[in-house]
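Input: a single structure, listed below in structure tokens.
Ligands are counted one by one from 1 in listed order, and the atoms in each one are counted from 1 as well.
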Amino acid sequence: MEESVCMMRIDKYLAEMGQGTRSEIKKLIRSGRVMVDGETVKKPELKIDETTQKVSLEGKQIGYAKKEYYMLYKPAGVISATKDDRDKTVLDLITDKKRNDLFPVGRLDKDTEGLLLITNDGEMAHRLLSPKKHVDKCYFTKVTGRIDEEDIHRFKEGVDIGDEKKTLPADLEILSSGEISEAKVTIREGRYHQVKRMFAACGLHVQALKRVAIGGGALDKTLEPGECRPLTQQEAAAILTEGE
Ligand code: URA
């Protein structure tokens with residue numbers, strides 16, 4: 001096989017693509033279950049060009065992806081973690097993933113639903129989560145109690161939620177107000193239970209919370225809770241320049 005500039009070990013390639021642990025994969029390779037460009041290979045240390053060569057495991061082609069980006073409509077009841085002994089995680093919902101190193105960009109509470117990005121791109125995660133970038137996160141919420149103009153003013157000034165500092169100014173738009181009220185909220189940080197604590201500081205209890213946008217990226221309206229789709233290249237590129 002010819003040497004190339006982009007070379008990686010075949011066992012690493014298959015492990016990154018989620019085909020098993022490194023030692024399981026070494027066994028599969030040694031037992032002749034892996035082919036590269038139609039030829040059986042038996043050495044786990046064999047280096048291949050992941051950008052051009054075709055790899056198959058037990059007859060199934062395994063494509064390579066260096067970075068993956070998904071938009072998930074997180075349903076309530078699922079936790080924002082990579083694995084958990086008890087509960088279903090958001091990673092369990094990304095069924096078509098290639099890579100084994102995906103993670104959720106930030107967290108939504110177990111009972112919160114809506115837009116969650118899943119990737120293995122640390123740079124994207126940093127851009128969206130860094131407290132210095134102040135990327136907008138927009139939520140729809142239903143609260144117990146009447147939201148009024150005073151609450152809009154408090155959100156605009158920043159709310160004391162018991163942390164060292166008040167929250168950054170946030171936008172509150174009342175959609176309906178009564179014994180149960182509905183509103184759209186835009187915050188620019190990602191503190192623990194932030195939206196719930198901001199409303200609690202105003203004497204209101206959040207019953208339901210749904211994230212609908214992060215920066216310029218909105219939750220795809222065609223997705224149902226629990227569904228995901230890959231980000232388009234344009235969407236991923238727009239997010240990668242978020243906060244610039
Ligand atoms: N704020 C909250 O209180 N919970 C979330 O899940 C997200 C923002």
Side-chain angles (χ1 to χ4, degrees), residues 70-84 86-94 102-119 124-147 151-152 154-175 180-220 223-228 239 242-243:
Y70 293 94
M71 168 187 294
L72 171 70
Y73 186 160
K74 177 196 172 297
V78 170
I79 60 167
S80 302
T82 50
K83 48 173 175 293
D84 191 81
R86 258 195 1 220
D87 288 307
K88 201 173 203 186
T89 74
V90 289
L91 260 295
D92 295 330
L93 299 172
I94 316 291
L102 301 181
F103 58 87
V105 178
R107 283 167 183 276
L108 291 176
D109 298 337
K110 187 173 173 185
D111 59 354
T112 300
E113 59 170 23
L115 175 59
L116 191 64
L117 299 173
I118 310 280
T119 184
M124 173 186 271
H126 175 73
R127 274 186 179 275
L128 294 177
L129 300 177
S130 164
K132 290 195 191 124
K133 304 264 186 209
H134 300 171
V135 174
D136 285 2
K137 286 123 199 148
C138 180
Y139 296 83
F140 279 117
T141 185
K142 193 186 257 194
V143 303
T144 316
R146 187 175 292 278
I147 309 181
D151 300 317
I152 296 180
R154 287 185 72 178
F155 273 52
K156 192 125 244 72
E157 294 290 298
V159 181
D160 180 356
I161 56 172
D163 290 346
E164 210 173 296
K165 285 188 180 162
K166 287 207 287 190
T167 67
L168 287 177
D171 299 325
L172 178 59
E173 186 188 328
I174 302 173
L175 301 175
I180 292 175
S181 306
E182 292 181 317
K184 187 172 147 191
V185 190
T186 305
I187 60 172
R188 290 161 187 108
E189 302 155 284
R191 297 196 207 172
Y192 183 65
H193 293 332
Q194 181 166 340
V195 174
K196 291 175 186 165
R197 288 162 71 206
M198 289 173 81
F199 279 105
C202 300
L204 299 161
H205 173 72
V206 169
Q207 283 185 1
L209 190 59
K210 174 179 175 181
R211 183 156 68 190
V212 291
I214 303 174
L219 179 63
D220 185 330
L223 291 178
E224 296 289 335
E227 288 183 348
C228 69
I239 291 172
E242 199 73 61

query = Do Arg188 and Asp171 sit within salt-bridge range, that is, some charged N less than 4.0 Å from a carboxylate O?
reply = yes
Short N-O contact, Asp151 and Lys156, less than 4.0 angstrom = no
key: Nearest neighbour in protein (non-hydrogen) for atom 1 (N) of ligand 1   = Val195 N, 3.1 Å
task = Consider every N or O of Arg107 and every N or O of ligand 1, then say whether any pair is closer than 3.5 Å.
result = no
key: Gap separating the CZ atom of Phe103 from the OG1 atom of Thr89, nearest 0.5 angstrom   = 14.0 Å
query = Heavy atom under 4.0 Å from ligand 1: found in Thr112's side chain, backbone, both, or neither?
reply = side chain
query = Can you list the ligand 1 atoms lying under 4.0 Å from a non-hydrogen atom of Tyr139?
reply = 7 (C), 8 (C)
request  = Before accepting this row, confirm whether a basic side-chain N of the pair Lys166/Asp160 lies closer than 4.0 Å to the acidic partner's carboxylate O.
outcome  = no
ask   = Can you find a non-hydrogen atom of Tyr192 under 4.0 Å from ligand 1?
value = no
query = Which residue holds the protein heavy atom closest to atom 4 (N) of ligand 1, what is that atom called, and what is the gap in Å?
reply = Asp109 OD2, 2.7 Å
key: Atom pair NZ/CG of Lys184 and Leu175 - distance to nearest 0.5 Å   = 8.0 Å
request  = Determine, stepwise, if the pair Phe155 / Ile187 fulfils side-chain contact (heavy atoms from CB on, under 4.5 Å).
outcome  = CA-CA 9 Å; Phe155 273 52; Ile187 60 172; 5.8 Å; no
task = Between Leu209 and ligand 1, find which residue part has any heavy-atom pair under 4.0 Å and reply side chain, backbone, both or neither.
result = side chain
